[in-house]
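Computed from heavy atoms alone, side chains included, the values below leave out hydrogens, waters and symmetry copies. Below, chains carry the letters A, B, ... as their sequence lines are ordered, and counting in each starts from 1.
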Number of protein chains: 2
Amino acid sequence: MSSYDMIDAEKPRPTKDRLIRSAAELFRTRGYHGVGLNDLLAHAKAPKGSLYHHFPNGKPDLAMAAATWASDGLLRVVAESFAGAPSFSEGATTLCHKLAKLFDMTNQWDGCPISATLFVGPENAEFRKHADHLYAGWLAEVRDHALRFGASEEDALKKSEHLFILIQGGWQLARARSDSNVMRDLPNKL
Amino acid sequence: MSSYDMIDAEKPRPTKDRLIRSAAELFRTRGYHGVGLNDLLAHAKAPKGSLYHHFPNGKPDLAMAAATWASDGLLRVVAESFAGAPSFSEGATTLCHKLAKLFDMTNQWDGCPISATLFVGPENAEFRKHADHLYAGWLAEVRDHALRFGASEEDALKKSEHLFILIQGGWQLARARSDSNVMRDLPNKL
DNA sequence: TGGAGACTGGACCGACTGGTCTATATATGT
DNA sequence: ACATATATAGACCAGTCGGTCCAGTCTCCA
């Protein structure tokens, strides 16, 4: 597995990866319905056949994979933020600042990669469930850090939800205003 | 009963009204790109000619009008919530409870009517600006109530932003979980 | 060396998209 | 009564949608 990774760095990224990354990026900025397969395929430099080889159920499958991939990335940001932090609140602060930077790097437009990709309508219950699952993963990660800093079980749960809500809401406002400082100001509200 | 009843009993309303209401409802649940003109027209029981008579620029025009209309309704909910409240925080609590009820009335799926309608992609700068404008209106309304209860100028601004962020983020989590209690728990975080 | 499975490339499809256009109906003012 | 503006009705259009299909190419192992 590790040898494969080393060789992989030199090679062009496998098609499946390119599809997932392109999907994650495009869905995040224009939403699931805002991205056509043609756009997506052109962005990923892949033909249609490959899409339906790697994702037999087409667009919905790809969206699920893209959201999962994006979520994994976000989880890593959380881990990094809390890794060297001396306290929960300082970890949270670092996280908000990292997200502000991320916001600035995405044309100040992109939405939450999970909701933009998966909040598509009531007809797609699986999407909603998956979004719930991914959010739960994020919440659990933050809760664990709170526990690590000595919070009670109940308190940790509360803290993680609170931070999640602030970040989601803050991101929305930052988006409308095109202003990442909304994110940087979030820790003051904790 | 709130005047923000988007699920309207299709009365003999003028065509333009029906178009706006239908657009607001459909965009809110499936997003701007998730709704086709045919769906929309069928829902509003109006022919295509009427749409382009009342909204010469078609779908984008209608979306703007629908978002404005939805925002006005929301503003009324805010006003109602704070009208008879003995304090800012009790007004905020009432507001959160009203929104929870609203959430339950919309299949627990619908998103923020403004962002779902107007956060469409970077190619549509006017939409983003209008969303900013509508959000600003909401923020101003809440800030005025805070001032009315004796908050300082600076404090009132902070309070309104804080409440806005909590509601936006809370709604997102409520959506993923299909659980309106997230909204009812929001005041504890203020 | 050859055969099998994984993967690519893209032509093609019916359904549907947002939008245009013209003919007709309805209301209003004189 | 007529003229005028406003509004309705829907056929029609080119373009795009997500999806299917299969011939071709690659990779790997017998």
Side-chain angles (χ1 to χ4, degrees), chain A residues 1 3-5 7-8 10-27 29-67 116-121 123-124 126-127, chain B residues 10-27 29-67 116-121 123-124 126-127:
Chain A
M1 63 175 246
S3 62
Y4 181 85
D5 284 346
I7 295 164
D8 189 46
E10 313 260 317
K11 285 183 176 174
R13 232 182 273 287
T15 305
K16 191 171 181 179
D17 267 31
R18 274 175 6 243
L19 284 169
I20 290 178
R21 281 159 194 263
S22 292
E25 179 181 337
L26 294 181
F27 287 155
T29 79
R30 291 194 255 141
Y32 180 81
H33 286 300
V35 182
L37 249 30
N38 295 341
D39 284 355
L40 209 154
L41 262 3
H43 188 277
K45 281 172 191 124
K48 213 163 258 193
S50 299
L51 207 197
Y52 284 88
H53 172 73
H54 294 290
F55 302 94
N57 291 330
K59 208 188 180 188
D61 262 23
L62 178 54
M64 293 283 236
T117 307
L118 262 20
F119 280 179
V120 148
E123 67 274 6
N124 206 329
E126 258 186 60
F127 274 22
Chain B
E10 287 313 283
K11 291 275 176 177
R13 278 211 172 79
T15 305
K16 191 173 180 176
D17 268 30
R18 270 168 17 235
L19 283 168
I20 290 179
R21 282 159 194 264
S22 291
E25 178 181 338
L26 294 181
F27 287 154
T29 77
R30 313 210 307 258
Y32 180 80
H33 286 300
V35 183
L37 249 31
N38 295 340
D39 284 356
L40 210 152
L41 262 4
H43 188 277
K45 280 171 191 128
K48 211 163 261 193
S50 298
L51 206 198
Y52 284 89
H53 171 74
H54 294 290
F55 302 95
N57 291 330
K59 207 188 180 188
D61 263 23
L62 178 53
M64 292 284 236
T117 307
L118 263 20
F119 280 180
V120 148
E123 66 273 5
N124 207 330
E126 258 186 61
F127 274 21

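Contact between the side-chain N/O atoms of A:H33 and the OP1/OP2 oxygens of C:dT17 is not found at any separation under 4.0 Å. The side chain of A:T15 contributes an N or O atom lying less than 4.0 Å from OP1 or OP2 of C:dT8. When the side-chain nitrogen and oxygen atoms of A:H53 are compared with OP1 and OP2 of C:dG9, none of them lie within a distance under 4.0 Å.
Atom CZ of B:R30 and atom C1' of C:dT17 are 13 Å apart (whole Å). Atom pair B:L37:CG and D:dC12:P shows a separation of 19 Å (rounding to whole Å applied). Here D:dT16 presents its P atom at 15 Å from CG of A:L41, a figure rounded to the nearest Å. The distance from atom NZ of A:K16 to atom P of C:dT8 is 11 Å, rounded to the nearest whole Å. When rounded to the nearest whole Å, the span between CG of B:L26 and C1' of C:dG18 equals 16 Å. The CG-C1' distance, from B:L62 to C:dG19, rounds to 14 Å in whole Å. Counting to the nearest Å, the C1' atom of D:dG19 and the CG atom of A:L40 are 14 Å from each other. Atom CG in A:N57 sits about 13 Å away from atom C1' in D:dT20, given to the nearest Å.
Put simply, the side chain of B:L41 reaches to within 4.5 Å of the side chain of B:L19, judged on heavy atoms. When side chains are defined from C-beta on, B:F127 does not count as touching B:T117, because their heavy atoms never get closer than 4.5 Å. Two residues are said to be in side-chain contact when any heavy atoms from C-beta on lie closer than 4.5 Å; A:L62 and A:L40 meet this criterion. At a threshold of 4.5 Å between non-hydrogen side-chain atoms, the residues A:F55 and A:M64 do not count as touching.
Annotation: B:E123, atom CD; neighbour count of heavy atoms from other residues, nucleotides and ligands within 6.0 Å is above 12.
Across D:dA7, C:dA6, C:dG18, the shortest atom-to-atom separation from the side chain of B:Y52 is found for C:dG18. Considering only side-chain atoms of A:K59, the nucleotide from D:dT8, D:dG18, C:dC7 that sits closest is D:dG18. For A:S50, the side-chain atoms get nearest to C:dT8 when compared with the rest of D:dG19, C:dG19, C:dT8.
Within 3.5 Å, a donor on the side chain of A:K48 pairs with an acceptor on the base of D:dG19, or the reverse.
Within 4.0 Å of A:N38, counting heavy atoms only, lie sugar-phosphate atoms of the nucleic acid but no base atom. B:G36 comes within 4.0 angstrom of sugar-phosphate atoms only, judged by non-hydrogen atoms across all strands, and of no base.
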